[in-house]
Asker: 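Dropping the structure in here first, questions after.
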Amino acid sequence: MDASYDPQAVESRWYRVWEEAGVFRPEVNPEGEPFSIVIPPPNVTGVLHIGHALNMSIQDVIIRRKRMQGFAALWLPGTDHAGIATQNVVERELAKEGLSRHDLGRERFIEQVWAWKAKHGNRINEQVRRLGFSTDWSRERFTFDEGLSKAVGHVFVELYKQDLIYRGERIINWCPRCHTALSEIEVEHEEEIGELTHIRYDYTDGTGSVVVATTRPETMLGDTAVAVHPEDERYKDAIGTTVTLPLIGREVPIVADDGVELEFGTGAVKVTPAHDPLDFEIAQRHGLPAVKVIDTEANITRAGGEFFGQDRFEAREAVRHELNKQGYMVKIEDHHHSVGHCSRCGTVVEPMLSLQWFVKVGPLVGPSIALIEDGGARYVPKRWENNYFRWMENLRDWCISRQLWWGHRIPAWYCDDCDEVMVTIDEPQGCKSCQGSNLTQDQDVLDTWFSSQLWPFSTMGWPEETADLAEFYPTDVLVTAYDIIYFWVARMIMMGVHFTDGEPFRDIVIHGLVRAADGRKMSKSIGNAVDPFDVADEYGADALRLALLQAASPGHDIPLNVEWIDAARRFGNKLWNAVRFALNHVESGSVPGEGGYPTEPGAIDRWILARLGEVTVEYDKLLEEYRFSDAVGLLYNFAWSEVFDWYLEMAKTSLRKPESAEATRQTLGVVIRDLLALFHPVIPFVTEELWSELVGDGLVAATSWPSPPQQAAPAGMDELQALVVSIRRFRAEHELSPKKELAVLVDDPNDITSGWWRDQLEVLANTTADFDGPPAEVAGHTRITSGSLQAFIPLAGVVDIEAERPRLEKAIAEAEDLLGRSRAKLDNPNFTERAPADVVAGEERKVEEFSAKLDKLRTQLSELG
RNA sequence: GGGCGUUUAGCUCAGUUGGCUAGAGCGCUUCCCUUACAAGGAAGAGGUCACUGGUUCGAGUCCGGUAACGCCCA
């Protein structure tokens, strides 16, 4: 083995071995209980970003641990066809050749997209492998593959039959660049400073005027009414009369509607039913016509008169200019308002009246809320449940049709002869109403999320009753960032509850977003995005995973610091060298793959085995609770601070003694082996490599989860460690060389030390120890207390006696402070009466300890004179 | 406007049924190339846990209020 660890060499080696051994297939544990996770499918066009790395690192820890615990663990991978995103990518490619999708036509364009997927779609899978994620590739799925498409068709038809899908004219959000309708949550609202234009509308009878205000003056071209609140005294007499629209000359009514806010602006609002959702509702209530004045290109329609053909923003200026010129402009003022943008391309969306397909969500909401309320599934952390409830309660019907080509075609056919609509999975042979044969399929495709919402069960073969569905559904855990709870999680719950009569998953583990080191969102445009593969190349995939998991406090965003990754990389090297040390003493291959704990461990061996037992139990518990950061922190500190810093150092002494060497050899082997196994789900590559060096047989990926026997630690270990640290500190404070051997006399009234203890003290603190203490003549020694023990160091020839004074005074002050605190508590009868007995006993112990220590220190100080 | 989160060491963050002499990594100071590791070891400095009021024997932790920052929804 090399003296230092090179992640590149190791990480390229193991994935293929795991795959060929079939360890990622649940069949590897044929007797095991099923345990399953479906991956949140990344966009097939995409590349994995650091957020995916976090998301999948968490899932891999879960699934690798369960696998090692004997479950038939399935982690199902796959990708999402990502309608708009993918179509945009391919259209951009075409644009380079000066072509648009319309030049190719629908069929050839879709062929192009499939070709693109065949060429580039595998990149994500390679990336998943590079980071070591243990997905079962034999079950890989794609939202647009045959089976999943069948599920989509089935769901659409069923929902239609159940009257939960309908087609209708509603205000939808239109992206004029993507040329498609969007759902509410595909629109991102941004606060912007706009201008509020006040316009005067004259009463048609010439008796006066009303002023309305708008941030989108161009929409006045499509006004079909002015609305006021029914109880607004200012307009009481005007209700039922008409105004004449400036520029257009149309006579429109003044209507009274509760939806108008009395307080806002002048209290009168212009009504543009075709381009505003609230206005549309008003129009519905009053039977007003809708006039479309903006088309799908965001240009003004013929209904806009002289402004026909102008872009909406040009028209905004032109309308203002003309209103001003004709004297209808009252004023313009600055105004903060939120403007919707397409979440895909950032273009300002246009609310627009349009004939689209919708999911009626009302009947689906109740059972989906009940599932969480009744504990059928739960969010971790729990606080996300409130967000979920609030969102579900305010849900509006979901626009699912998209004017794209790449996606699941809507399974609806229209009869050209009689207007019959037929919704069926397979193309109908003729019109069921007029028997005509001129049928046209709906041109639109479904929102990508319509297929993603079926992912937990469509991937298992649903609606067929497959073996996988029976075994692995419902899934156990869903791991996702909070930003897609609405897009995805909520809808999976709705569909899971509705169609599979149960929860799609039981635990919904929510994690945060990975942010740049300065806390800002990572984005390509700011240029602060960290590419996980750059990190993997420089530091190793293991280091990236370890760093992310250490930082992954439940549900919180994590700023990514390179320092953390670097520290994680150094841990790999440390582990590497610990194994090298072990292999200097333990023959490679002699360590059993599991079990093999020594039957007669020595004292230091019992100590580390006891700690290993405790840490294993605690680590396992933390992982079960999804507290990854705490779990990894615990194991990391145990490995480094206890195994490496203490046990390995103590083992050196033990291994030199024939009577203790064999037990320590065995212990060293199994402790390091168990560390590798416990760490494996977090850092799979380096642990597998080291396993092959140390154990030699089998794979750590396929081994059993460690269960070290519970041991009692030997007496004296705490005292030994405290004493060693104190002696080292004494040295440091007096600037004594670590090489200078100190003579120490130890007084051990309770007789807790024995041979091993003395050996360790001599080596670890570089002392020659005499256990006959205390010395006859105490003066001239410094003394160090450690539990019931005292150690005396003769100062003659070592340090000037006076030099001990400040050290002692400081130690006395500290002890006094601590003693004071504990005494104060115990002096308080309320404390002794009300605090739990063990807490009181703890304080009593402290008082004893601190006063004994203080006595000794004071004695020593007085001896200085 | 409504909701949620954050505020702890120079920096980035842990701290889950209230018992803390408040931790980690990085950075900083001093010493050490001791045959696993200098990508290392040893020792150390550094915090009125945002502010404020309360509950409690006891509050970083629970409750009320204030401030700043961030996110989500309208």
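Letters A, B, ... mirror the listed sequences (proteins, then strands); counts begin at 1.
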Asker: Tell me the partner of U35(B), counting only Watson-Crick (N1-N3 plus N6-O4 or O6-N4) or G-U wobble (N1-O2 and O6-N3) with both under 3.5 Å; none if nothing fits.
Answerer: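 For U35(B), the partner nucleotide comes out as none, under the 3.5 Å rule.
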Asker: Between G46(B) and A24(B), how many Å separate the two C1' atoms, rounded to a whole number?
Answerer: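 Roughly 15 Å separates the two C1' atoms.
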Asker: Phe571(A) vs Phe679(A), test: ring-ring contact (aromatic ring centres under 6.0 Å, His included). Steps then yes/no.
Answerer: CA-CA 11 Å; Phe571(A) 181 78; Phe679(A) 262 117; 4.9 Å; yes
Asker: Less than 4.0 angstrom from a charged side-chain N to a carboxylate O is my criterion; do Glu844(A) and Arg823(A) meet it?
Answerer: no
Asker: Using a heavy-atom cut-off of 4.0 Å across all strands, would you classify Asn573(A) as base, sugar-phosphate, or nothing?
Answerer: base
Asker: Rounding to the closest angstrom, what is the interatomic distance between C4(B) and A39(B) at atom P?
Answerer: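 To the nearest whole Å, 50 Å.
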Asker: What nucleic acid atoms does Pro836(A) come within less than 4.0 Å of, heavy atoms only: base, sugar-phosphate, or nothing?
Answerer: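 Counting heavy atoms under 4.0 Å across all strands, the contact made by Pro836(A) includes a base.
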Asker: Select base, sugar-phosphate, or nothing to describe what Lys621(A) touches, counting heavy atoms under 4.0 Å on all strands.
Answerer: nothing
Asker: Any side-chain N or O of His556(A) below 4.0 angstrom from OP1/OP2 of A14(B)?
Answerer: yes
Asker: Please determine, for A42(B), whether a Watson-Crick or G-U wobble partner exists with both distances under 3.5 Å, and give it or none.
Answerer: U30(B)
Asker: Measuring from the side chain of Pro559(A) (C-beta onward, heavy atoms only), which nucleotide among G3(B), U12(B), A42(B) has the closest atom?
Answerer: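 Shortest atom-to-atom distance from the side chain points to U12(B).
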Asker: When the distance from CG of Leu546(A) to P of A39(B) is rounded to whole Å, what number comes out?
Answerer: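 Rounding to the nearest Å, CG of Leu546(A) and P of A39(B) are 19 Å apart.
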Asker: Any side-chain N or O of Arg580(A) less than 4.0 Å from the OP1 or OP2 oxygen of U35(B)?
Answerer: no
Asker: Does the side chain of Asn55(A) pick up a donor-acceptor pair with the side chain of His511(A) at under 3.5 Å?
Answerer: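 Yes - a donor-acceptor pair under 3.5 Å links their side chains.
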Asker: Using a heavy-atom cut-off of 4.0 Å across all strands, would you classify Phe850(A) as base, sugar-phosphate, or nothing?
Answerer: base
Asker: Could you measure between the two C1' atoms, the one in U21(B) and the one in G25(B), and give it in whole Å?
Answerer: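 After rounding to an integer number of Å, I get 22 Å for this pair.
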Asker: For a quick check of understanding: with a heavy-atom distance under 4.0 Å over all strands, which category does Ser553(A) fall into, base, sugar-phosphate or nothing?
Answerer: sugar-phosphate
Asker: Choosing from A43(B), C71(B), G19(B), which nucleotide comes nearest the side chain of Ala732(A)?
Answerer: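 Of the options given, the side chain of Ala732(A) lies nearest A43(B).
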Asker: When you compare C11(B) with C49(B), how far apart are their P atoms, in angstrom units rounded to a whole number?
Answerer: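 Their P atoms lie roughly 16 Å apart.
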Asker: Calculate, to the nearest 0.5 Å, the distance between atoms OG and CD1 belonging to Ser629(A) and Ile558(A) respectively.
Answerer: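 One gets 9.0 Å once the value is rounded to the nearest 0.5 Å.
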Asker: Rounding to the closest angstrom, what is the interatomic distance between C32(B) and G19(B) at atom P?
Answerer: 42 Å
Asker: Once you apply a heavy-atom cut-off of 4.0 Å, does Val579(A) come out as touching a base, just sugar-phosphate, or nothing?
Answerer: nothing
Asker: Under 30°, 30 to 60°, or over 60°: which ring-plane class applies to Tyr482(A) and Trp384(A), parallel, tilted or perpendicular?
Answerer: parallel
Asker: Under 4.0 angstrom, heavy atoms only, what part of the nucleic acid is Ile558(A) near: base, sugar-phosphate, or nothing?
Answerer: nothing
Asker: From the list U12(B), A43(B), G3(B), which nucleotide is the closest neighbour of the side chain of Asn561(A)?
Answerer: U12(B)
Asker: Is there a Watson-Crick or G-U wobble partner for C20(B) with both distances under 3.5 Å, and which nucleotide is it?
Answerer: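 None - no nucleotide pairs with C20(B), as no candidate has both distances under 3.5 Å.
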Asker: Under 4.0 Å: is that the gap between some side-chain N or O of Lys825(A) and OP1 or OP2 of U56(B)?
Answerer: no
Asker: Mapping Leu736(A) and Asn386(A) to their closest nucleotides on RNA chain B, which lands nearer the 5' end?
Answerer: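 Upstream on the strand: Asn386(A).
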Asker: Taking the nucleotide of RNA chain B with the nearest heavy atom to each, does Val724(A) or Tyr486(A) sit closer to the 5' end?
Answerer: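 Nearer the 5' end of the strand: Val724(A).
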Asker: Contact class for Ala578(A) (heavy atom, under 4.0 Å): base, sugar-phosphate, or nothing?
Answerer: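 Answer is base: heavy atoms of Ala578(A) come under 4.0 Å of a base.
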Asker: Enter the distance from Ile171(A):CD1 to Cys399(A):SG here, rounded to the nearest 0.5 Å.
Answerer: 11.5 Å
Asker: Report yes or no: is the cationic atom of Arg515(A) (NZ for Lys, CZ for Arg) under 6.0 Å from the centre of the six-membered ring of Trp564(A), at an angle within 45° of the ring normal?
Answerer: no
Asker: Determine, for Trp646(A) and Arg611(A), whether the Lys NZ or Arg CZ falls below 6.0 Å from the six-membered ring centre while staying within 45 degrees of the axis.
Answerer: no
Asker: Determine the interatomic distance between P on U8(B) and the same-named atom on G1(B); round to the nearest Å.
Answerer: 27 Å
Asker: Between C72(B) atom P and Asn394(A) atom CG, what is the distance in whole Å?
Answerer: 17 Å
Asker: Under 4.0 Å: is that the gap between some side-chain N or O of Lys574(A) and OP1 or OP2 of A38(B)?
Answerer: no
Asker: Run the ring-ring contact (aromatic ring centres under 6.0 Å, His included) test on Tyr5(A) and Trp576(A) for me, step by step, so that the C-alpha distance in whole Å, both residues' side-chain angles and the decisive distance to 0.1 Å come before the verdict.
Answerer: CA-CA 6 Å; Tyr5(A) 169 54; Trp576(A) 178 270; 5.2 Å; yes
Asker: Mind checking Glu649(A) for me? I need base, sugar-phosphate or nothing, with any heavy atom below 4.0 Å counting as a touch.
Answerer: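 Base, at least one base atom sits under 4.0 Å.
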Asker: Please give, in whole Å, the distance from A42(B) C1' to Phe730(A) CZ?
Answerer: 16 Å
Asker: Using the P atom in both, what is the distance from A50(B) to C37(B), to the nearest Å?
Answerer: 44 Å
Asker: Have a look at Asn766(A) and say if it touches a base, only the backbone sugar-phosphate, or nothing, with a 4.0 Å heavy-atom cut-off.
Answerer: nothing
Asker: Whole angstrom is fine here: how far is it from CZ in Phe644(A) over to C1' in A42(B)?
Answerer: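 Distance, rounded to whole Å: 18 Å.
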Asker: Checking contacts here: which listed nucleotide (C13(B), U21(B), A39(B)) is nearest the side-chain heavy atoms of Arg570(A)?
Answerer: A39(B)
Asker: Nearest whole Å is fine: how far is A36(B) P from Tyr647(A) OH?
Answerer: 15 Å
Asker: Side chain of Trp640(A) only, please: which of A43(B), G41(B), G25(B) is the nearest?
Answerer: G41(B)
Asker: What is the distance, to the nearest angstrom, from the CG atom on Leu575(A) to the P atom on G40(B)?
Answerer: 14 Å
Asker: When rounded to the nearest 0.5 angstrom, what distance separates CZ in Arg821(A) from CG in Asp817(A)?
Answerer: 4.5 Å
Asker: I want to check one thing: is the phosphate of A36(B), taken as OP1 and OP2, less than 4.0 Å away from some side-chain N or O of Lys652(A)?
Answerer: yes
Asker: What is the nucleic acid contact for Arg383(A), judged by heavy atoms within less than 4.0 Å: base, sugar-phosphate only, or nothing?
Answerer: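 Answer is sugar-phosphate: Arg383(A) comes under 4.0 Å of backbone atoms only.
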Asker: Under 4.0 Å: is that the gap between some side-chain N or O of Lys846(A) and OP1 or OP2 of U21(B)?
Answerer: yes
Asker: With a 4.0 Å cut-off on heavy atoms, is Arg731(A) in touch with a base, just the backbone sugar-phosphate, or nothing at all?
Answerer: nothing
Asker: Just to be sure I understand the rule, does Lys810(A) reach a base, reach only the sugar-phosphate, or reach nothing, if contact means heavy atoms closer than 4.0 Å?
Answerer: sugar-phosphate
Asker: Of the nucleotides G19(B), A43(B), A36(B), which has the atom closest to the Arg728(A) side chain?
Answerer: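 Within the option list, the nearest is A43(B).
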Asker: So if I take every side-chain heavy atom of Trp564(A) and compare against C71(B), A42(B), G25(B), which nucleotide ends up nearest?
Answerer: G25(B)
Asker: Take atom C1' in C33(B) and the same atom in G41(B), then report the distance between them in whole Å.
Answerer: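 Between the two C1' atoms, the distance is 10 Å.
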Asker: Whole angstroms only, please: what is the CD1-C1' distance between Ile565(A) and C26(B)?
Answerer: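 After rounding, the reported distance stands at 13 Å.
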Asker: For A43(B), does OP1 or OP2 lie under 4.0 Å from any side-chain N or O of Arg729(A)?
Answerer: no
Asker: Could you please name the partner base of C49(B), counting Watson-Crick and G-U wobble pairs only when both distances are under 3.5 Å?
Answerer: none
